[in-house]
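To start, the structure itself, in structure tokens.
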Amino acid sequence: MFYALLGATLVVALLTSIAVARFFDGAVNKILARIIGDDLADAWRKYLSFAIVVVGVQGGVRLWELEKYVTATRESAALELNGMRWTLEIYRTFIDTLQSIAWVLLLFFLAAMIAYVIVRAIELKHEQKDDAR
């Protein structure tokens, strides 16, 4: 039963991560194309999609939380996997996956915003030089 729960949480986290990566693919591609150009944007987009999937699975499949179903302590026996616990674990996996991905995307969009401001400032400086000539 534990292996089925581990597999189910892995599948939920993986599918959620892939869906989110595909959902944000267009926006990420446009941002990267604007900041670093079309030639490098595709490679960086693929890397960010990979990072989203890895971080999402890592955040969603919490092995240390699943240990309570196989490890008994002095105070208590290992918890029983019943329907309510399955529902709770699957829901927790989904939410934790989204939470982990949200942090990655927040960091990406903050860095992209800073990079955009820098790129825009450089463009304005070049436009002012061209106007002065």
How about [X] and [Y]: do any of their side-chain heavy atoms sit closer than 4.5 Å?
X: Leu40; Y: Leu32; result: no
X: Phe109; Y: Ile31; result: yes
X: Ile35; Y: Ile118; result: no
X: Thr97; Y: Val12; result: no
X: Phe23; Y: Ile52; result: no

Honestly curious: do [X] and [Y] fall in one hydrophobic cluster under the side-chain, below-4.5 Å linking rule?
X: Tyr47; Y: Val20; result: yes
X: Val57; Y: Leu63; result: yes
X: Val104; Y: Ile95; result: yes
X: Leu110; Y: Ile101; result: no
X: Val119; Y: Leu48; result: yes

How far apart are the closest heavy atoms of [X] and [Y], and which atoms are they?
X: Gly56; Y: Ser17; answer: CA-OG, 3.3 Å
X: Ala8; Y: Ile90; answer: CB-CD1, 3.8 Å
X: Asp96; Y: Gly59; answer: CB-O, 3.3 Å

Between [atom1] on residue [X] and [atom2] on residue [Y], distance to nearest 0.5 Å:
X: Leu14; Y: Thr9; atom1: CG; atom2: OG1; result: 11.0 Å
X: Arg45; Y: Asn29; atom1: CZ; atom2: CG; result: 5.5 Å
X: Leu10; Y: Leu5; atom1: CG; atom2: CG; result: 11.0 Å
X: Arg92; Y: Arg85; atom1: CZ; atom2: CZ; result: 10.0 Å

Look at atom CH2 of Trp44 and say whether more than 12 heavy atoms of other residues, nucleotides or ligands are closer to it than 6.0 Å. no

